Amino acid sequence: MRCPFCGNIDTQVKDSRPAEDHVSIRRRRFCPACGGRFTTYERVQLRDLVVIKSSGRREDFDRGKLERSIRIAMQKRPINPERIDQMISGIVRRLESLGDTDIPSKVIGEIVMETLARIDTVSYVRFASVYKNFQAADDFDKFVSELRPAASSEE
């Protein structure tokens with residue numbers, strides 16, 4: 001593992017333990033060249049996933065990008081960070097188990113929205129506003145009205 005401080009490729013593992021999400025290994029490392037200490041996380045990757053963008057462009061799946069977008073949607077919400085990590089790991093496992101290495105970005109977005117809808121409605125609406133590219137307040141109104149139960153329209 002390359003040292004993030006000096007670039008030395010000969011670093012030493014000082015401590016290894018399961019991470020809080022229990023699907024990765026947390027390793028504390030030491031660089032003998034500069035004395036720097038840093039942490040790395042190691043995860044099992046079942047297969048290399050490729051995201052097919054709506055433009056047709058292909059790019060390697062980036063768990064970090066998925067995690068950032070979900071954390072932005074869930075920012076300042078009363079959700080335990082460990083629960084967010086479990087949710088992200090579950091989404092990645094679900095993507096890996098689809099059976100295909102090429103996954104359309106639309107499928108990823110739908111899985112994220114489905115998962116967020118079960119956990120936190122506000123985060124779901126936040127994510128949907130970016131994913132569905134809302135342009136005006138009317139877009140929010142229409143989307144939120146679809147979330148409300150049909151019983152309110154019968155009165």
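Not measured: the values here are computed from a predicted model.
Tyr131 and Ile119 end up in the same hydrophobic cluster when Ile, Leu, Val, Met, Phe, Trp and Tyr side chains are linked at under 4.5 Å. The cluster map of Ile, Leu, Val, Met, Phe, Trp and Tyr, joined by side-chain heavy atoms under 4.5 Å apart, puts Ile84 and Met113 in the same cluster. Both Ile79 and Ile70 belong to a common hydrophobic cluster when Ile, Leu, Val, Met, Phe, Trp and Tyr are linked at side-chain heavy-atom distances under 4.5 angstrom. Ile111 and Met74 fall within the same hydrophobic cluster, where Ile, Leu, Val, Met, Phe, Trp and Tyr residues are linked whenever their side-chain heavy atoms come under 4.5 Å apart, directly or through other members.
Looking at heavy atoms from C-beta onward, Ile72 lies out of side-chain contact with Val130 at the 4.5 angstrom threshold. Using a 4.5 Å heavy-atom cutoff, the side chains of Asp60 and Val50 are in contact. Counting only heavy atoms from C-beta outward, the side chains of Thr40 and Glu42 never approach each other to under 4.5 Å. With contacts defined as side-chain heavy-atom distances shorter than 4.5 Å, the pair Asp85/Arg71 qualifies. Side-chain contact check for Leu98 versus Val107: some heavy-atom pair is nearer than 4.5 Å. Put simply, the side chain of Leu116 reaches to within 4.5 Å of the side chain of Met87, judged on heavy atoms. Using a 4.5 Å heavy-atom cutoff, the side chains of Phe61 and Ile103 are not in contact. Counting heavy atoms from C-beta outward, Asp120 and Arg126 have side chains that stay 4.5 Å or more apart.
How far NZ of Lys142 is from NZ of Lys132: 9.5 Å, rounded to the nearest 0.5 Å. For the atom pair CZ of Arg37 and CZ of Arg29, the computed distance is 13.5 Å after rounding to the nearest 0.5 Å. Rounded to the nearest 0.5 angstrom, Glu59 CD and Ile52 CD1 are separated by 9.5 Å. The CZ atom of Phe30 sits 10.5 Å away from atom OG1 of Thr11, with the distance rounded to the nearest 0.5 Å.
Of all non-hydrogen atoms in Ser54 and Ser105, the two that sit nearest each other are N-OG, 3.8 Å. Listed here is the closest heavy atom pair of Phe127 and Gly109: CE2-O, 3.9 Å.
No donor-acceptor pair closer than 3.5 Å links the side chain of Ser89 to the backbone N or O of Gln86. The backbone N or O of Ala19 lies less than 3.5 Å from no partner atom in the side chain of Arg26, so there is not a single donor-acceptor pair. Between the Arg2 side chain and the Gly7 main chain, a donor and an acceptor come within less than 3.5 Å of each other.
Within the structure, the ring pair (Phe, Tyr, Trp, His ring centres under 6.0 Å) test picks out no pair touching residues 71-116 (sequence neighbours left out).
With hydrogens and angles left out, the side-chain atoms of Thr121 and Arg77 include no donor and acceptor closer than 3.5 Å.
Other members of the hydrophobic cluster containing Phe5, listed by chain and number, are Met1, Phe38; membership follows side-chain contacts under 4.5 Å among ILVMFWY residues, whether direct or relayed.
Tyr124 pairs by the ring-ring contact (aromatic ring centres under 6.0 Å, His included) definition with Phe143, not counting sequence neighbours. Partners of Asp100 under the side-chain contact (heavy atoms from CB on, under 4.5 Å) rule, at least two apart in sequence or in another chain, are Asp102. Here Arg28 pairs with Thr39 under the side-chain hydrogen bond (donor to acceptor under 3.5 Å, both in side chains) rule; sequence neighbours left out. Applying the salt bridge (charged side-chain N to carboxylate O under 4.0 Å, His left out) test to Arg83 and every residue at least two apart in sequence or in another chain returns nothing.
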